[in-house]
Amino acid sequence: MSEKMRTLTEPFKIKMVEPLTVTTEAYRTEALKKAGYNTFLLRSQDVFIDLLTDSGTGAMSDKQWSGIMMGDESYAGARSWEHLERVVKALTGMEYVLPTHQGRAAERILYTILGGPDKLFISNTHFDTTRANIEYTGATAIDIVCAEGKDNEIDLPFKGNIDLEKLEKLLVENARETIGAVIMTVTNNSSGGQPVSMENMKAVRRICDKHGVMMVIDGCRIAENSYFVKHREQAYSDKTYEEIAREMLNLGDAFVMSAKKDGLVNMGGLLTVKDEALSIKCRNLLIISEGFTTYGGLSGRDMEALAIGLGEVFDKDYLHYRIKSTAYLGERLRAKGIPVVWPIGGHAVYIDAKKLYNNIPVEEYPGQALVVDLYLKGGIRSVEVGSVMFGKYDEDGKLIPAANELVRLAIPRRVYTQSHIDYVLDVFDDILELKERKNGYAITYEPPFLRHFTAHFEPLKK
Ligand SMILES: *Cc1c(COP(=O)(O)O)cnc(C)c1O
């Protein structure tokens, strides 16, 4: 390809189409009411552009669909399992590979064993299911993203890094037996989708070795992170994306992956560990709760498609398009005056809703207000990553807000074209007209864990 600036084009063509429904604002107003103003509770039929998540929403390639037909559905020792195991071992350098039905199943297995009351987990930022699985065991999860990672504007290359000084301090202050693990989320999903540098990962490895604690890599976007390492960390500019991923994963003692992200499949997960004793404990739980060791929670065809996806995701043209198309949306939103977390991360654009809707107090969830407006104005589904997702209550039932009130526009892999994204940009012109809005939302129902998935809201009037 020429190096000239040209329109960003998808490095694939379309072989099968899936029609979208076009709806009116009046229709969407009713649909939202029925869904309790929670976009998780909308019917996908009623959504035009679905940017709720990049998880399991990607399009598989013709090769992956061929793999589906070649899947070996044998209960034990299937050919598709051997294929997947070979690919994952080569990628991670870890001996023990456990297939699970999705990422959180891998997390539940690992953290049930490593967790428990009095245990402490330390991460650059725990993803919501990670935190929930840890807290469910009675353990505590602490996030210590680097200081730059908390600044939504500063232009730095690796804002997903962990704060190494704080890590060292926590490991000095807490006895080794109380540490469940240090978990590196790569890229840092809940912290703006920002990448983690190889330098930071290597330092974490050294610190973990010094204190004798485990290092887990939550690496469902390891290929996207490798793109940033290659282009932002000088020592890696000559390495391939796959070489970078291998080097990084090799630093960990365990790896959990939601294959619904960089596995380029619609369902699946992986847990890999280096230690045999730990692998045996994990396998026992896997067999009880997911399935036999050579399929876990997956069909043979799922494993075949995943084995192929884990190869395709490192293709240089794919990764270039992936990262640049996310940046395209973010850069143009910023040019319109929409406050976005900067620089743009790998899988999503995060909007600072507190800054955009600066008249709405955090107790009224400005992020949720933006999520609702995006759906009403354009049929676009997004998700709040703020106090609805991470807020807590103090003893008096007063909201302890999250550090940020963000709205995430996640980009499904290989699904939407440039014109869909241009449409999203157009809808933001309507959002800019709502900037002065003062009324937010109140929560009328919430469950005890992961409330954002099922909570109901009502609009507040002033
Ligand atoms: C998606 C995700 C998970 C959970 O995986 P599921 O497949 O949704 O269960 C864990 N960690 C991170 C960083 C994720 O993005």
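Predicted, not measured: the structure shown is a model, and the values here were computed from it. In listed order, ligands and their atoms are each counted from 1.
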Give the residue and atom name of whichever protein heavy atom lies nearest to [atom], and the separation in Å to one decimal.
{"atom": "atom 5 (O) of ligand 1", "answer": "Ser258 CB, 3.1 Å"}
{"atom": "atom 6 (P) of ligand 1", "answer": "Gln102 NE2, 3.3 Å"}
{"atom": "atom 11 (N) of ligand 1", "answer": "Asp218 OD2, 2.8 Å"}

Taking both backbone and side-chain atoms of [X], is any N or O found less than 3.5 Å from an N or O belonging to ligand 1?
{"X": "Lys261", "result": "yes"}
{"X": "Thr129", "result": "no"}
{"X": "Thr185", "result": "no"}

Legend entry - Proximal candidate to atom 9 (O) of ligand 1 [heavy atom criterion; set Arg104, Lys260, His101]: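 Of the listed residues, Arg104 has the closest heavy atom.
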Atoms in ligand 1 with a heavy atom of [X] nearer than 4.0 Å:
{"X": "Arg221", "value": "15 (O)"}
{"X": "Gly103", "value": "5 (O), 6 (P), 7 (O), 9 (O)"}
{"X": "Glu107", "value": "10 (C), 11 (N)"}

Inset, instruction - Provide the full list of side chain to side chain donor-acceptor pair (under 3.5 Å) pairs with a residue in residues 268-281, sequence neighbours left out, each pair given once. - result: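 Non-adjacent pairs meeting side chain to side chain donor-acceptor pair (under 3.5 Å): zero.
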Legend entry - Heavy atom of Cys220, distance to ligand 1 below 4.0 Å: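 So Cys220 counts as touching ligand 1.
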Inset, instruction - Report yes if the distance between the aromatic ring centroids of Tyr423 and Phe48 is under 6.0 Å, otherwise no. - result: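 Under 6.0 Å, so yes.
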Inset, instruction - Describe, in one word, how the ring planes of His231 and Tyr241 are oriented to each other, choosing from parallel (under 30°), tilted (30 to 60°) and perpendicular (over 60°). - result: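 Geometry flag for Tyr241 against His231: tilted rings.
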Inset, instruction - Pick out which of Ile411, Ile49, Ile380, Val415 makes a side-chain contact (heavy atoms from CB on, under 4.5 Å) with His420. - result: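 The passing option is Ile49.
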Inset, instruction - Taking Asp72 for its side chain and Arg79 for its backbone only, find out whether a donor-acceptor pair lies under 3.5 Å. - result: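 Yes, Asp72 side chain to Arg79 backbone: donor-acceptor pair under 3.5 Å.
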Inset, instruction - Report the C-alpha separation of Lys159 and Asp151 in whole Å, then their side-chain angles, then the decisive distance to 0.1 Å, and conclude whether the salt bridge (charged side-chain N to carboxylate O under 4.0 Å, His left out) test is met. - result: CA-CA 9 Å; Lys159 289 165 69 176; Asp151 182 325; 5.1 Å; no
Legend entry - Glu405/Lys354 ion pair, N-O < 4.0 Å: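 Not counted as a salt bridge, because no side-chain N and carboxylate O are separated by less than 4.0 Å.
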Legend entry - Pair Asp46 + Lys34, salt bridge at N-O below 4.0 Å: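 Here Asp46 does not pair with Lys34 in a salt bridge, since their nearest N and O are not under 4.0 Å apart.
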